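Right, one structure below, let's go through it.
The structure displayed is predicted, hence computed values, not measured ones.
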Amino acid sequence: MLAGMKKLFWIGVGAVLGVFLLPYVLIRQPEMPSGTSQRSPEYGYDSARLLVDRTLWDSKGQRHLLEHEIFRSILSEIEKADTFIIADFFLWNPWKGAVGEDTELRGLSSELAQALIEKRIKNPDMPILVITDPINRVYGEDYPVFYGRMSQAGIPVIFTDLERLPDSNRIYGPQAKFWGHFFQPDTGPDAMRYFPNPFNPDGPRLSVGQLSSLLYFKANHRKVLVTGRNGGRFRALVGSFNPADGSANHSNVAALVEGPVAAYAGRSEMAIAGWSTGSGENSQMPEEHFRKTLSQLDVILPQADELGTVRTGAPSVSWFSEGQVREALVDVLGQCGAGARIDIGLFYFSDRKVVSALREAVERGSRLRLLLDANRDAFGREKSGIPNRQVAAELMQLASTHEIEVRWASTHGEQYHAKVLRVSGAGLDLICLGSSNWTRRNIGDSNLEANLLFRRAGSLGEAYDLYFDKVWNNTDGYTESQPYEEWAESGWTLRWKTWLYRFQEWSGASTF
């Protein structure tokens, strides 16, 4: 009798494990679609400018002081565009999360939409294409009103088809896909809504379908504006800025460049829009309107093989997206040795391959200054410090024998949202910036991301050096950065958070 019960118990355990493991056997991850995981040739450029959103804190007045230029440049680029506009932004909504009503935030989202609508009215035949992430409709039909206004004005609005991307959440994704064949939760307006809305506490609650989509933690995380001017001039603005009201006070870095790389970026964006319209729910306009816009852009934008390359030894810029960003970072850090200076400004840092490459660069004699967000603020909610504080502690183990310093950006509710690698000295003059946090999700062929890498960066690199030194040294009379000890973790707290960070980084069961 007892032996029989044991046998039944182990049969039951095996059956449960089999059912649990079945999705990981049967579900195959898709390949990265067209227009993604790209590394362009090195292109020359006609001009390049560093754009910085620098947020200061007035301790006497207890208020933010904003020295922001990215959004101003975006509006200017839209106004001056002559031949086309492509806008692809991750967060583009008016929601403020749990930020208090007493916090003044600029209405970036509606301002950007209005600028595009006014451009459409003035230039009714100009192709304008908007691409964004379905987080901005809460993975259902909870659209901010300005998306409808853009569509009514004749601007195609494409919500990225995230199902075409591999699952970054390795535990949840296969399970949800497998069981979703049997249980298809409703995401429509009539679905039952049970769950609090994390983006807009005053908005409608989330349905089971919306929550299940959210937990994939997939995203089109790009922040790209590509425009055309008369004379075949192409311009691209690529950086870390989101036109979301809740992000209005964040510190960001971007670059505005004119040259062939902008056309390459435009082609990448066209590809994303193309495969995202396979499902009607991803577009708010009839397909013929979208296809007309793509046809117009196809005439205007040259193909990649028509763009040429840069002459040897001249300043250059390359487009890197998705997994190719990681390859670029590892390659650049692999070139760093004695005499090189590495300055990094970063919102999230967790990718193990880049952590290893950075450690090795320091061990070869490179000097490192690492400016990190302390990962304590998220739209009015408090975070745990994962992953930056754990990675910082790992790197600081080298500080006694190598030239390495870590400081924390001094934030007051906002985020230090930059994603920049700057290398100078020892024959190197590089700067890499864009949308990509240095996490497996961002640079491991899961999210959609876009970065620019400038070689022989010249004045662009010098502009970043000036900005970075001001923040690092607090030279303008404001506390913009704090010493490592301010947010350093140690002992048991560091140990268990490191275990959690490493699990989250591997599994994708996290928001970073």
Side-chain angles (χ1 to χ4, degrees), residues 1-34 36-37 133-135 137-140 159-188 190-196 198 205-221 275-276 278-282 322-323 326 350-353 386-387 439-449 496 499-512:
M1 180 73 175
L2 185 60
M5 291 180 64
K6 285 183 177 180
K7 184 177 180 180
L8 286 174
F9 171 78
W10 287 112
I11 289 174
V13 170
V16 170
L17 284 174
V19 170
F20 176 76
L21 295 174
L22 189 62
Y24 304 106
V25 176
L26 297 181
I27 297 297
R28 292 289 179 263
Q29 294 299 322
E31 298 292 328
M32 292 296 288
S34 62
T36 67
S37 204
D133 188 90
I135 194 174
R137 52 181 171 88
V138 201
Y139 310 101
F159 290 89
T160 309
D161 183 1
L162 300 182
E163 291 186 11
R164 296 291 301 273
L165 304 178
D167 294 323
S168 60
N169 191 337
R170 291 169 166 165
I171 295 176
Y172 174 81
Q175 293 286 345
K177 284 182 176 179
F178 180 81
W179 297 109
H181 292 300
F182 305 98
F183 309 99
Q184 296 184 353
D186 189 2
T187 60
D190 298 326
M192 298 297 293
R193 294 171 177 262
Y194 305 100
F195 306 100
R205 297 172 74 85
L206 271 58
S207 67
V208 172
Q210 288 173 293
L211 181 64
S212 66
S213 295
L214 167 65
L215 292 176
Y216 279 101
F217 298 133
K218 292 185 180 185
N220 174 358
H221 195 246
W275 50 254
S276 288
S279 172
E281 67 180 15
N282 293 321
E322 293 74 53
R326 175 197 275 161
S350 64
D351 184 82
R352 297 310 304 168
K353 291 184 179 180
I386 295 174
T439 73
R440 183 185 66 83
R441 169 174 291 121
N442 289 111
I443 56 177
D445 275 341
S446 295
N447 276 1
L448 296 185
E449 304 286 350
W496 76 260
W499 292 339
L500 179 58
Y501 138 60
R502 295 291 285 269
F503 172 75
Q504 289 181 310
E505 172 71 5
W506 169 81
S507 67
S510 69
T511 56
F512 64 83

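- Listed for the K218 side chain is a donor-acceptor partner under 3.5 Å among the backbone atoms of L165.
- The line from CG of L206 to CG of L214 is 7.0 Å long, rounded to the nearest 0.5 Å.
- In this structure, CG on L211 lies 12.0 Å from CZ on R193, to the nearest 0.5 angstrom.
- Partners of F178 according to the ring pair (Phe, Tyr, Trp, His ring centres under 6.0 Å) rule, which considers only residues two or more places apart in sequence or in another chain, are F182.
- Considering only residues two or more places apart in sequence or on other chains, D445 meets the side-chain contact (heavy atoms from CB on, under 4.5 Å) condition with M32, S37, E322.
- For the pair N220 (side chain) and D133 (backbone), a donor-acceptor distance under 3.5 Å is absent.
- Counting only residues at least two apart or on different chains, the salt bridge (Lys or Arg N to Asp or Glu O under 4.0 Å) pairs with a member in residues 168-185 are D167-K177.
- Annotation: side chain to side chain donor-acceptor pair (under 3.5 Å) contacts involving residues 502-512, sequence neighbours excluded, comprise S350-E505.
- Other residues, nucleotides and ligands contribute over 12 non-hydrogen atoms within 6.0 Å of the CD atom of Q29.
- With sequence neighbours excluded, the residues that form a side-chain contact (heavy atoms from CB on, under 4.5 Å) with Y24 are F20, L21, I171, P174, Q175.
- Taking OG1 from T439 and CG from N447, the interatomic distance works out to 7.0 Å, rounded to the nearest 0.5 Å.
- Formation of a donor-acceptor pair under 3.5 Å by the N442 side chain with backbone atoms of E449 is not found in this model.
- Annotation: ring pair (Phe, Tyr, Trp, His ring centres under 6.0 Å) contacts of Y172 (sequence neighbours excluded): Y216.
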Given F217 and L162, is the side chain to side chain contact (heavy atoms under 4.5 Å, CB included) satisfied, shown in steps? CA-CA 10 Å; F217 298 133; L162 300 182; over 6 Å; no
